[in-house]
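Sharing a structure below in structure tokens format, with a few things to ask.
Per chain, numbering begins at 1; letters A, B, ... match sequence-line order.
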There are 2 protein chains.
Amino acid sequence: MIQTGGTGRIGETAGFALAKACKAHRGSVGAALAEVGLHAGQEMVLRELWEEDGLKGGELAARLAVEPPTVSRMLGRLEACGLLERRRDPEDARSFRVCLTAKGRDLRRPVEDLWQRVEERAFEGMSEEEKHGLKGLLVRVRENLSAG
Amino acid sequence: MIQTGGTGRIGETAGFALAKACKAHRGSVGAALAEVGLHAGQEMVLRELWEEDGLKGGELAARLAVEPPTVSRMLGRLEACGLLERRRDPEDARSFRVCLTAKGRDLRRPVEDLWQRVEERAFEGMSEEEKHGLKGLLVRVRENLSAG
DNA sequence: TACAATTAGTTAGCTGGCTAAATAAATACG
DNA sequence: CGTATTTATTTAGCCAGCTAACTAATTGTA
């Protein structure tokens, strides 16, 4: 049994449960990612590029809902790892296109697989209905908060 | 409308929805916390102490499910802010007790209030049943993952 | 055309999180 | 009793995230 947070107001909120569940999830994903040489969060950058290669830095930041400086340094590290490269945009000299290398593309399967393994463990014992309902509610939370 | 992540496998998982919802939630809480001079995560330390003052550093790390070095530096900063103090444990010279100052205790209300405001916005439009069900599922996710 | 305003990225510096390694005290044990 | 082991905390250094401030290129406009 896990304590849900005592008697205080914060510990009783759904937001608290959300934060703790997410922390555990990120921890599990992070541990698995370490086995392929990645840090938690970096797989999100790769995921966007697997979906659409050649994004501009700013587009990447917007899709990740992260600030430009964050993306800037992450790209530097991923580039140093040989997973992607920045190519100057011929149409705009202050932009660049982020392009996956073969090495970066090859990580797709292993990363999707490990994410899937965590998924199975995280939601073990839940029906498809429960899981689907949970997902829907989480999307609503995100919508509610990203407004303002 | 918010994109849920395209066609890739990761974007379709409940874990992905969890991560994105949590990111939005942490962002909202963090913005509100900034108004009382705190950073996201620090309120969790205070919360534990509001529940039980005088915890040892290691106990705090365990309850937060965080590593000792993380707690060590956070305590240093919170102490520098005058929110708490470390008192050496007379029964064990290598331990200490973390004790709130009046300033630290006074933050309870404002922090609980702002957390509550985010709670209302985050789960706006959800019935109590949905919210309660969501909370229960999130606790189960946490239990599933904190096992191994 | 020349200059102002906007836009794209980067750098610096802060925070929460982590691991590995060092310090120091308590405990176990021969 | 003295040494070895375990335990509590800190330090160093890495990464993701942030804001503020800077650079450089594009665009708007007088």
Side-chain angles (χ1 to χ4, degrees), chain A residues 19-20 22-48 55-81 83 86-98, chain B residues 19-20 22-48 55-81 83 86-98:
Chain A
K20 293 296 187 178
C22 177
K23 184 179 190 315
H25 185 271
R26 186 179 173 91
S28 295
V29 170
L33 283 171
E35 294 170 18
V36 297
L38 291 177
H39 290 80
Q42 295 182 329
E43 87 279 22
M44 296 307 232
V45 174
L46 296 178
R47 195 192 76 87
E48 294 296 341
L55 288 170
K56 295 204 279 188
E59 290 174 342
L60 211 35
R63 295 194 187 197
L64 294 169
V66 143
E67 295 306 311
T70 299
V71 120
S72 181
R73 278 197 328 201
M74 287 178 83
L75 291 178
R77 287 174 186 133
L78 292 169
E79 195 167 21
C81 291
L83 300 177
R86 281 181 272 208
R87 300 183 190 155
R88 292 234 76 93
D89 186 340
E91 296 176 358
D92 188 339
R94 60 209 207 285
S95 288
F96 54 79
R97 300 284 174 174
V98 182
Chain B
K20 293 295 187 179
C22 177
K23 183 179 192 314
H25 185 270
R26 186 180 173 91
S28 295
V29 170
L33 283 172
E35 292 170 19
V36 297
L38 291 177
H39 289 82
Q42 295 182 328
E43 87 279 22
M44 296 306 231
V45 173
L46 297 178
R47 196 193 74 90
E48 295 295 342
L55 287 170
K56 295 204 278 188
E59 289 173 342
L60 211 36
R63 295 194 188 197
L64 294 168
V66 143
E67 296 306 311
T70 299
V71 122
S72 181
R73 278 196 328 197
M74 287 178 83
L75 291 179
R77 287 173 187 135
L78 292 170
E79 196 167 20
C81 292
L83 301 178
R86 282 182 271 210
R87 300 182 188 153
R88 291 234 76 92
D89 186 341
E91 296 177 356
D92 187 341
R94 59 208 208 287
S95 289
F96 54 79
R97 300 284 173 173
V98 182

Only counting residues at least two apart or in another chain, list the ones meeting side-chain hydrogen bond (donor to acceptor under 3.5 Å, both in side chains) with B/Glu79.
->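 Partners of B/Glu79 under the side-chain hydrogen bond (donor to acceptor under 3.5 Å, both in side chains) test: B/Arg86.
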Interatomic distance, CZ@B/Arg63 vs CE@B/Met44, rounded to 0.5 Å, equals 14.0 Å
Are A/Leu60 and A/Val66 close enough, and set up right, to give a side chain to side chain contact (heavy atoms under 4.5 Å, CB included), and what steps lead you there?
-> CA-CA 8 Å; A/Leu60 211 35; A/Val66 143; over 6 Å; no
Could you check which residues of residues 36-46 of chain A get a heavy atom under 4.0 Å from DNA chain C? Sort them by number, please.
->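 Output list: empty, so none.
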Note: for A/Glu91 and A/Thr70 on DNA chain D, the residue whose nearest nucleotide lies more 5' is A/Thr70
Integer-rounded Å distance: C/dA21 P and B/Glu67 CD | 15 Å
Nucleotides bounding contact with chain B, strand DNA chain D, heavy-atom threshold 4.0 Å |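 Footprint of chain B along DNA chain D, 5' to 3': D/dT7 to D/dC18.
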Using a cut-off of 4.0 Å between protein heavy atoms and nucleotide atoms, how would you tag nucleotides 5-10 of chain C 5' to 3' with B, S and -?
-> --BSSB
Test side chain to side chain contact (heavy atoms under 4.5 Å, CB included) applied to A/Lys56 and A/Asp89, step by step = CA-CA 8 Å; A/Lys56 295 204 279 188; A/Asp89 186 340; 3.8 Å; yes
Minimum heavy-atom distance between A/Leu64 and B/Lys20, given as atom pair plus value = O-NZ, 3.9 Å
Pairing residues for B/Arg77 by the salt bridge (charged side-chain N to carboxylate O under 4.0 Å, His left out) criterion, not counting sequence neighbours |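 Residues passing salt bridge (charged side-chain N to carboxylate O under 4.0 Å, His left out) with B/Arg77: none at all.
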B/Ala40 versus B/Gly30, closest heavy-atom pair with distance |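 In this case the closest contact between B/Ala40 and B/Gly30 is CB-CA, 4.1 Å.
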Taking every heavy atom of B/Met74 against every heavy atom of B/Val45, the minimum-distance pair comes out as CE-CG2, 3.7 Å
Side-chain contact test, heavy atoms from C-beta onward, threshold under 4.5 Å: evaluate it for B/Leu33 versus B/Gln42 and give yes or no.
-> no
Contacts of B/Arg94 that satisfy salt bridge (charged side-chain N to carboxylate O under 4.0 Å, His left out) - sequence neighbours left out =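 Partners of B/Arg94 under the salt bridge (charged side-chain N to carboxylate O under 4.0 Å, His left out) test: B/Asp92.
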